[in-house]
Amino acid sequence: MIDAHRRPRGPYTVAAALLRALVPGTLRRSPALVAAHDIEILAAAPELAGLVRAERGTIEAGLTEDERILVPAPRRTLRLANGLAEYVRDAVPPGSALAVCNGEAADPTDTELVEVMMRRIPPVTLSITVYSGGPEPPPDTRDAAELWTLVDRCMREGFLHAAAELGERGMARTEPGGARWWRFAQRTATALGGLGRTSEARAVWDRVRLNSQDPAMHAAAAYGTGMLDARHPDPARRDLVRARAWANLAIAISTLLPDPAERAFKLGFDRNGLALIELRHGRLDAALELVESAIELAGELGERHPLHRMVLLANRAQLLAGLGHAKEALEDYGAAIAIDPGFPDHYLERGNLLFKLGRHDDALADFERAIAAGPPLPEAYYNRAELRTVRGDVEGALADLGRVIELDPGSVDAYINRAGLLAGAGLDEEAARDVEAGLALAPDSPHLLTVLGQLETTAGRHTEAQTALDLAVETAPDLPAAWGNRGVLRYAMGDLEGSVADLTRAIELQPQADLYANRAVALRALGRTAEATADDHHATRLA
């Protein structure tokens, strides 16, 4: 029995208790298993640092507090949960049982972990029972210093729900406007913004403005408020005009900061934020100019703030790639990776660029470096699946997409791609299951509706196929596959003119050999032999 109540410990209360019970024995039996999950184990149970050596990781652990500028995305806890579930599955004696009480009072990290373990660990290996109630823990008597240690850990690891909750508690126990209060406020607002709780984050930044006359605090509050508008999780609610106003205010204040090093860092940080706004406006040249000015300012910092330089180099690489300067972009990605080789995101971004350039072996190497760098990363497997598909490795692509769905059952794109591959391989029943699962998540997905229409056409259910394909074309009129599959359906239904029209539209959108070949068949059936012969030639050339 493990008490999941978050009050005494905070995030990963259940995970830490489970790891304390399992890790010592696993180290004796299979130290390689512990090493393979070092990041997850130490994130959930830092008290095991004396037993578990950190084999992997980023440079962040060796940096000062003000240099640790990166905030992990909320999805990092899903990566940790998957890694922990895989460790527990392989470490626990078969036939074990776990009971968890106070489930309703658990931190979201533990709630997510228990859900992942119940989904991924067979009950014959570990049966899990969760009780909503349980004993009430003692009242919270932590002082501000203890709370700060917890909040700082939560922000480093990406435990954003706990960071927001504990940060609010820390603000209530410190003098408003003071240095410690500011540290709590900054972390709380940042965590709330990362969770998409925009109005709550804005309210915290407003409290900073109300309680402080410190220019650095006001600059940071202006930047943070602007980023809420620029990064709102609902694109329709992003206000780039208001975001620009806040970013300009942040820059104006940072320009006046008296300390040269602080001024160079904060001014570069703010200009990088304004670059995001320019990027969202589609003004890549203006964004690039801002990022380059921030890189120039970072040169005044000496060896300090390496993560700041890494982020700026990666951002410049992204902009250079968007402007068609692939060589320079690859150089910047290489420089960013050299600063922190344990950070997986830049391997993914460079791998995507290499993939677009046709450098498949190099792209594959980067995707695999991203996979090896830390806890399970669904995006890396997804990208590798796309590369394997292009190279004709259908079996490998299916395996990678299966891994994505195992790690993240909410990945609609993985269902789309796997359903398409399965249908292309003639595995219609398996494809239909993926279509059904995907449509349960995204009922209007034109890609899934297209595959559904293809499957219904093959099965001779023309009415159902037409319903699906009509909706796909209506939802995504620029999707070639929807027009092409409806063209095949119309041919099967005897509508030759409609078939030619749909296939023609598909060819206009994306010329492909099979589209020309199918249109040739329909044209020949209409007696338009010369046009059919021309399409045959196009099909052969493209093939």
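Predicted, not measured: the structure shown is a model, and the values here were computed from it.
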Open item on the list: For Tyr491, give me all partners under ring-ring contact (aromatic ring centres under 6.0 Å, His included), at least two apart in sequence or on another chain.
Closed with: none
Task: Verdict with supporting geometry, His281 and Arg244, side-chain contact (heavy atoms from CB on, under 4.5 Å) - done: CA-CA 11 Å; His281 274 299; Arg244 179 184 297 278; 3.4 Å; yes
Task: Whether Asn82 side chain and Leu407 backbone form a donor-acceptor pair below 3.5 Å - done: yes
- [ ] Identify the two heavy atoms, one from Leu377 and one from Pro344, that lie closest to each other, and give their separation to 0.1 Å.
- [x] CD2-CB, 4.1 Å
- [ ] For residues 492-522, pull every pair meeting ring-ring contact (aromatic ring centres under 6.0 Å, His included), keeping only residues two or more places apart or in separate chains.
- [x] Tyr516-His538
- [ ] May I ask you to decide if Pro375's main-chain N or O and Arg79's side chain share a donor-acceptor pair within less than 3.5 Å?
- [x] yes
Open item on the list: My understanding is that only residues two or more places apart in sequence, or in another chain, count here; which of them pass side chain to side chain contact (heavy atoms under 4.5 Å, CB included) with Thr190?
Closed with: Val71, Met155, Gln186, Trp205
Open item on the list: Listing request: all salt bridge (Lys or Arg N to Asp or Glu O under 4.0 Å) pairs with a residue in residues 342-356, at least two apart in sequence or in separate chains.
Closed with: Arg350-Asp366
Open item on the list: Quick check for you: to the nearest 0.5 Å, what is the distance between Glu112 atom CD and Thr77 atom OG1?
Closed with: 3.5 Å
Task: Minimum heavy-atom distance Ala275-Val291, with the two atoms named - done: CB-CG2, 3.6 Å
Task: Non-hydrogen side-chain atoms of Arg89 and Leu126 separated by less than 4.5 Å - done: no
- [ ] Tell me, please, which residues at least two apart from His232 pass ring-ring contact (aromatic ring centres under 6.0 Å, His included).
- [x] none
Task: Residue pairs passing the side-chain hydrogen bond (donor to acceptor under 3.5 Å, both in side chains) test where at least one lies in residues 386-405, sequence neighbours excluded - done: Glu86-Arg403, Asp361-Arg391, Arg384-Asp400, Arg388-Asp400, Arg403-Glu406
Open item on the list: Which residues pass the ring-ring contact (aromatic ring centres under 6.0 Å, His included) test with His360, not counting sequence neighbours?
Closed with: Phe355
TODO: Decide yes or no on salt bridge (Lys or Arg N to Asp or Glu O under 4.0 Å) for Asp229 and Arg202, but give the supporting numbers first.
DONE: CA-CA 10 Å; Asp229 283 321; Arg202 192 184 303 277; 3.0 Å; yes
TODO: Evaluate whether atom CD of Glu200 has more than 12 neighbouring non-hydrogen atoms of other residues, nucleotides or ligands under 6.0 angstrom away.
DONE: yes
Please list every donor-acceptor pair under 3.5 Å in which a side-chain atom of residues 467-476 meets a protein atom from a residue at least two apart or in another chain.
from, atom 1, to, atom 2, distance (Å)
Thr467, OG1, Thr463, O, 3.1
Asp470, OD1, Arg486, NH1, 2.9
Thr475, OG1, Leu471, O, 2.7

Task: OH-CG distance between Tyr223 and Asn248, expressed to the nearest 0.5 angstrom - done: 14.0 Å
Task: Check: Pro477 main-chain N/O paired with Trp483 side-chain donor or acceptor under 3.5 Å - done: yes
TODO: Before giving the answer on salt bridge (Lys or Arg N to Asp or Glu O under 4.0 Å), spell out for Arg76 and Glu157 the whole-Å C-alpha distance, their side-chain angles and the decisive distance to 0.1 Å.
DONE: CA-CA 8 Å; Arg76 181 171 189 263; Glu157 299 290 358; 2.9 Å; yes
Task: Side-chain (His346) to main-chain (Tyr333) donor-acceptor, under 3.5 angstrom - done: no
TODO: Please tell me if the side chains of Gln466 and Met493 come closer than 4.5 Å, counting only heavy atoms from C-beta onward.
DONE: yes
- [ ] Kindly say whether Pro341 contributes a backbone atom to a donor-acceptor pair with the side chain of Tyr347 at under 3.5 angstrom?
- [x] yes
- [ ] Would you list the pairs meeting salt bridge (Lys or Arg N to Asp or Glu O under 4.0 Å) in which at least one residue belongs to residues 432-442, sequence neighbours left out?
- [x] Arg418-Asp434
Open item on the list: To check you understand the geometry: which heavy-atom pair defines the closest contact between Val435 and Ala419, and what is its length?
Closed with: CG2-CB, 3.9 Å
Task: Reported CG-to-CD distance for the pair Leu489 and Gln454, which is rounded to 0.5 angstrom - done: 11.5 Å
Open item on the list: Could you check whether any side-chain N or O of Asp110 sits under 3.5 Å from a backbone N or O of Ala15, counting only pairs where one atom can act as donor and the other as acceptor?
Closed with: yes
Task: Contact check, side chains of Tyr87 and Leu18, non-hydrogen atoms, under 4.5 Å - done: no
Open item on the list: Side chains of Gln512 and Leu542, heavy atoms from C-beta outward: is any pair under 4.5 Å?
Closed with: no
Open item on the list: Quick one, Leu288 with Leu323, criterion side-chain contact (heavy atoms from CB on, under 4.5 Å). Give me CA distance, side-chain angles, the key distance, then yes/no.
Closed with: CA-CA 9 Å; Leu288 179 61; Leu323 290 165; 3.8 Å; yes
Task: Test: Arg528 and Glu531 ion pair at under 4.0 Å - done: yes
Open item on the list: Counting C-beta onward and ignoring hydrogens, is there a side-chain heavy-atom pair between Thr129 and Leu98 closer than 4.5 Å?
Closed with: no
Open item on the list: Check whether Ser499 reaches the backbone of Gly487 with its side chain - one donor and one acceptor, N or O, closer than 3.5 Å.
Closed with: yes
Open item on the list: Quick one: does any side-chain atom of Arg280 pair with a main-chain N or O of Ala230 as donor and acceptor, under 3.5 Å?
Closed with: yes
Task: Side chain proximity check, Leu307 to Thr58, heavy atoms < 4.5 angstrom - done: no
TODO: Identify whether the distance between the nearest side-chain nitrogen and carboxylate oxygen of Glu40 and Arg56 falls below 4.0 Å.
DONE: yes
TODO: Could you tell me whether Arg519 and Asp536 have a side-chain N and a carboxylate O separated by less than 4.0 Å?
DONE: no
Open item on the list: If the condition is ring-ring contact (aromatic ring centres under 6.0 Å, His included), which residues does Phe367 pass it with, not counting sequence neighbours?
Closed with: none
Open item on the list: How close do Thr111 and Ala106 get, counting heavy atoms only, and between which atoms?
Closed with: OG1-CB, 3.8 Å
Task: Test salt bridge (charged side-chain N to carboxylate O under 4.0 Å, His left out) applied to Glu331 - qualifying residues, sequence neighbours left out - done: Lys327
TODO: Determine the minimum heavy-atom distance between Ala81 and Leu113, stating which atoms define it.
DONE: O-CD1, 3.7 Å
TODO: Side-chain contact test, heavy atoms from C-beta onward, threshold under 4.5 Å: evaluate it for Leu330 versus Leu320 and give yes or no.
DONE: no
Open item on the list: If we ignore hydrogens and angles and just use 3.5 Å, is the side chain of Asp408 paired with the main-chain N or O of Val404 as donor and acceptor?
Closed with: no
Task: side-chain contact (heavy atoms from CB on, under 4.5 Å) assessment of Val311 paired with Phe269 - done: CA-CA 10 Å; Val311 168; Phe269 205 86; over 6 Å; no
TODO: Could you go through the side-chain contact (heavy atoms from CB on, under 4.5 Å) check for Leu439 and Leu449 one step at a time?
DONE: CA-CA 8 Å; Leu439 286 173; Leu449 289 167; 4.3 Å; yes
Open item on the list: Tell me whether the count of non-hydrogen atoms from other residues, nucleotides or ligands lying under 6.0 Å of CD in Glu296 goes above 12.
Closed with: no
TODO: Work out which heavy atom in Val116 is nearest to a heavy atom in Ala85; give both atom names and the distance.
DONE: CG1-CB, 3.8 Å
Task: Backbone N/O of Pro123 and side chain of Ser127: donor-acceptor pair under 3.5 Å - done: no
Open item on the list: Do Ile277 and Met227 make a side-chain contact, defined as non-hydrogen atoms from C-beta onward lying under 4.5 Å apart?
Closed with: yes
TODO: Can you run down the ring-ring contact (aromatic ring centres under 6.0 Å, His included) pairs that involve residues 392-447, sequence neighbours left out, and say none if there aren't any?
DONE: none
